[in-house]
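Note that the coordinates shown come from a computational prediction; the quantities given were computed from them, not determined experimentally. When a residue number appears, it is its place in the shown sequence, counting from 1. In each ligand, atom 1 is the first atom listed, and ligand 1 is the first ligand listed.
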Amino acid sequence: MQAMEYRGPYRVRVDDKPMPRIEHPRDAIVRVTRSCICGSDLHLYHGMVPDTRVGQTFGHEFTGIVEEVGSAVENLKVGDHVLVPFNIACGQCHFCKQGLFGNCHESNPQATAVGGIFGYSHTAGGFDGGQAQYARVPYADFGPTIIPDWMDPDDAVLLTDVVPTGYQAAEMGGIQKGDTVLVFGAGPVGIMAARCAWLFGAGRVIVVDHIDYRLEFVRNFAPAEVYNFKELDDVVTFMKKTTDGLGADVVIDAVGAEATGNILQTIFGKRLKMEAGSAIALHWAINSVKKGGIVSVVGVFGPTGNVVPIGNIVNKGLTLRGNQAAVKRLLPRLIEHVKAGHIDPKALITHRVPLADIADAYHIFSDKLDNCIKPVLLPNGA
Ligand SMILES: NC(=O)c1ccc[n+]([C@@H]2O[C@H](COP(=O)([O-])OP(=O)(O)OC[C@H]3O[C@@H](n4cnc5c(N)ncnc54)[C@H](O)[C@@H]3O)[C@@H](O)[C@H]2O)c1
Ligand SMILES: [Zn+2]
Ligand SMILES: [Zn+2]
């Protein structure tokens with residue numbers, strides 16, 4: 001079969017790989033119908049994630065038709081069209097029982113923090129992902145969800161990650177009615193977080209980025225008040241001023257470890273790699289939230305350290321929350337929101353790309369070219 005392969009930083013290509021096969025009674029094999037590239041894949045593509053091995057196939061946001069099931073999988077049958085949550089979760093361990101499906105204790109032998117994730121380096125279990133014609137889905141009796149008949153497959157593929165992640169970002173913010181919610185990052189995740197903030201009762205939603213076409217998109221889509229941080233003298237001072245001098249009630253970091261906007265962090269974190277990338281958006285989040293407020297972090301940071309203003313967290317009495325989204329926990333609610341028209345996930349898709357053009361797709365998404373917001377790969381044709 002044809003599959004994306006990582007060759008080293010900034011180098012990906014499509015190559016022949018052996019067909020995946022059932023390795024465990026709880027496995028299924030799916031023929032991939034759609035597969036996205038995520039901002040998280042860019043951390044891998046940029047060589048920022050430890051133990052990303054040459055030859056791995058990325059891709060943790062995919063839908064597919066069930067081709068084969070293991071003997072223990074009774075809830076799926078050949079021919080079902082499923083959406084596959086990005087977390088690989090057993091559904092039975094101590095953490096899964098609490099709905100912490102991003103922190104499954106069984107699916108990732110390498111880590112004590114994150115559970116398994118499709119196509120996300122050996123720090124997340126070393127599984128091959130869905131940027132391929134076929135994929136093996138472990139714990140298929142638990143994870144995959146049959147796509148409802150009425151649902152557009154383009155909406156379905158975004159329910160594997162972007163929508164639940166944006167939703168959980170807002171949820172972890174503990175938004176109270178009328179709150180001012182500030183979101184750093186206008187990528188797919190930040191856009192969805194801003195949209196979902198309204199569903200939790202926000203009174204005002206502000207989004208900050210430095211890419212104008214994305215700010216323009218989120219201004220209409222969320223909708224939100226938007227600012228380009230390159231046009232502000234000092235982001236934190238500006239945000240304080242525009243929120244009665246006190247700061248936002250809730251701030252969401254939807255940027256993660258490759259934030260731009262501070263030269264020292266860029267050199268120290270991204271060039272010299274003396275910390276795990278640049279955490280400047282997180283600094284801004286901590287410093288522009290109101291005293292006693294909540295900072296919700298969905299931006300991805302590596303397992304190694306980052307310099308963050310811990311003193312301000314303590315002295316301002318902040319609550320800092322973060323996690324990988326627990327997709328399976330949120331799906332029933334989000335499927336209802338999509339059905340009711342509260343969220344229109346497919347509006348984010350700007351590019352539809354054959355798998356063969358994977359290198360172009362990564363390049364365009366990484367460099368934010370051609371007004372790209374979310375690229376979808378079609379590994380087996382449209
Ligand atoms: N926790 C989860 O479950 C989960 C799931 C999906 C993605 N993520 C993470 O969420 C983050 C965003 O993902 P995405 O797909 O939207 O990525 P993306 O790369 O498309 O978007 C990131 C955006 O942040 C902007 N940005 C850079 N520096 C900034 C700064 N200092 N302030 C404000 N904006 C800044 C960029 O211009 C870009 O538009 C990534 O770190 C990704 O790994 C986490
Ligand atoms: Zn993702
Ligand atoms: Zn588990």
Checking Tyr362, Tyr6, Tyr10 against His46 for ring-ring contact (aromatic ring centres under 6.0 Å, His included), the one that qualifies is Tyr10

In this structure, the Zn ion (ligand 3) sits at the vertex of an angle between SG of Cys104 and SG of Cys96 that rounds to 10° as 110°

Can you name the atoms of ligand 1, numbered from 1 with element, that are less than 4.0 Å from a heavy atom of Phe86? 3 (O)

Quick one: which ligand 1 atoms are inside 4.0 Å of a heavy atom on Cys38? 6 (C), 7 (C)

Among Asn323, Asp209, Val189, Thr165, which one has a heavy atom closest to atom 23 (C) of ligand 1? Asp209

State, yes or no, whether a side-chain contact exists between His210 and Glu231 at a heavy-atom distance under 4.5 Å. no

If I take the Zn ion (ligand 3) as the centre, what angle separates the SG atom of Cys93 from the SG atom of Cys90? Nearest 10 degrees is fine. 110°

Using a 4.0 Å cut-off to any heavy atom of Ile211, which atoms of ligand 1 qualify? 37 (O)

Give a yes/no on ligand 1: does Ala325 have at least one heavy atom closer than 4.0 angstrom to it? yes

Atoms of ligand 1, numbered as shown, that sit under 4.0 Å from any heavy atom of Phe365: 20 (O)

Salt bridge check: are Glu258 and Lys270 linked by an N-O gap of less than 4.0 Å? no

For the Zn ion (ligand 2), does an N/O/S atom of His60 lie at less than 2.8 Å? yes

Separation between OG1 (Thr145) and CG (Leu331), nearest 0.5 Å, reads 5.0 Å

For His105, look at atom NE2 and say whether over 12 heavy atoms of other residues, nucleotides or ligands are found less than 6.0 Å away. no

Using heavy atoms and a threshold below 4.0 Å, how should the contact between Ala254 and ligand 1 be classified: side chain, backbone, both, or neither? backbone

Compute the shortest N/O to N/O distance between Phe229 and ligand 1 and return yes if it is under 3.5 Å, no if not. no

Which N, O or S atom of Asp161 lies nearest to the Zn ion (ligand 2), by name: OD2

Residue-ligand contact Glu258/ligand 1, heavy atom below 4.0 Å: no

Part of Thr260 within contact of ligand 1 (heavy atoms, under 4.0 Å): both

Among Asn312, Val307, Ile313, which one satisfies side-chain contact (heavy atoms from CB on, under 4.5 Å) with Pro309? Asn312

Counting neighbours of CE on Met274 that are heavy atoms of other residues, nucleotides or ligands and sit closer than 6.0 Å, is the number greater than 12? no

More than 12 foreign heavy atoms under 6.0 Å from NZ of Lys291: is that the case here? no

Below 4.0 Å from any atom of ligand 1, is there a heavy atom belonging to Phe301? no

Counting N and O atoms only, with roles assigned by atom type, does the side chain of Gln56 sit under 3.5 Å from a partner on the main chain of Ser121, one being a donor and the other an acceptor? yes

To check your reading of the model: name the closest protein heavy atom to atom 9 (C) of ligand 1, its residue, and the distance in Å. Val298 O, 3.5 Å

List ligand 1 atoms under 4.0 Å from His43, heavy atoms only on the residue side. 40 (C), 41 (O), 42 (C), 43 (O)

Do me a favour and list the nearest non-hydrogen protein atom to atom 18 (P) of ligand 1 with residue, atom name and distance? Arg214 NH1, 3.7 Å

Any side-chain donor-acceptor pair under 3.5 Å between Arg34 and Thr160? no

The answer for which part of Asp161 has a heavy atom under 4.0 Å from ligand 1 is side chain

Would Val157 and Ser35 satisfy side-chain contact (heavy atoms from CB on, under 4.5 Å), going step by step from the backbone distance to the final call? CA-CA 7 Å; Val157 75; Ser35 184; 5.9 Å; no

Please could you name the atoms of ligand 1 that Gly185 approaches to less than 4.0 Å, counting only its heavy atoms? 24 (O), 33 (C), 34 (N)

The single option from Phe86, Tyr139, Phe142 passing ring-ring contact (aromatic ring centres under 6.0 Å, His included) against Phe101: Phe142

Run Ser278 and Arg271 through side-chain hydrogen bond (donor to acceptor under 3.5 Å, both in side chains) and show every step you take. CA-CA 10 Å; Ser278 155; Arg271 304 258 162 78; over 6 Å; no

Relative to Phe238, does Lys240 satisfy both conditions: NZ or CZ under 6.0 angstrom from the six-membered ring centre, and within 45 degrees of the ring's axis? no

State the atoms of ligand 1, each with its element, that fall below the 4.0 Å cut-off from a heavy-atom position in Ala259. 28 (N), 31 (N)

Considering distance alone, does some N or O of Tyr120 sit under 3.5 Å from an N or O of ligand 1? no

Short list, please: which atoms of ligand 1 are under 4.0 Å from a heavy atom of Lys368? 18 (P), 19 (O), 20 (O), 38 (C)

Is the shortest N/O to N/O distance between Trp284 and ligand 1 below 3.5 Å? no

To atom 8 (N) of ligand 1, the nearest of Pro164, Gly322, Ser40 on a heavy-atom basis is Ser40

Report yes if Val255 has an N/O atom closer than 3.5 Å to an N/O atom of ligand 1; otherwise report no. yes

Pair Phe200-Tyr167, ring pair (Phe, Tyr, Trp, His ring centres under 6.0 Å): steps then yes or no: CA-CA 9 Å; Phe200 285 87; Tyr167 188 88; 4.8 Å; yes

Under 3.5 Å between some N or O of ligand 1 and some N or O of Gly39? yes

Check this for me - ligand 1, Gly299, N or O atoms closer than 3.5 angstrom, yes or no? no

Begin from the C-alpha positions of Phe58 and Tyr120 and carry the test ring pair (Phe, Tyr, Trp, His ring centres under 6.0 Å) through to its verdict. CA-CA 6 Å; Phe58 301 166; Tyr120 213 74; 7.6 Å; no

Given Ile37, Val208, Val162, which has its nearest heavy atom closest to atom 33 (C) of ligand 1? Val208

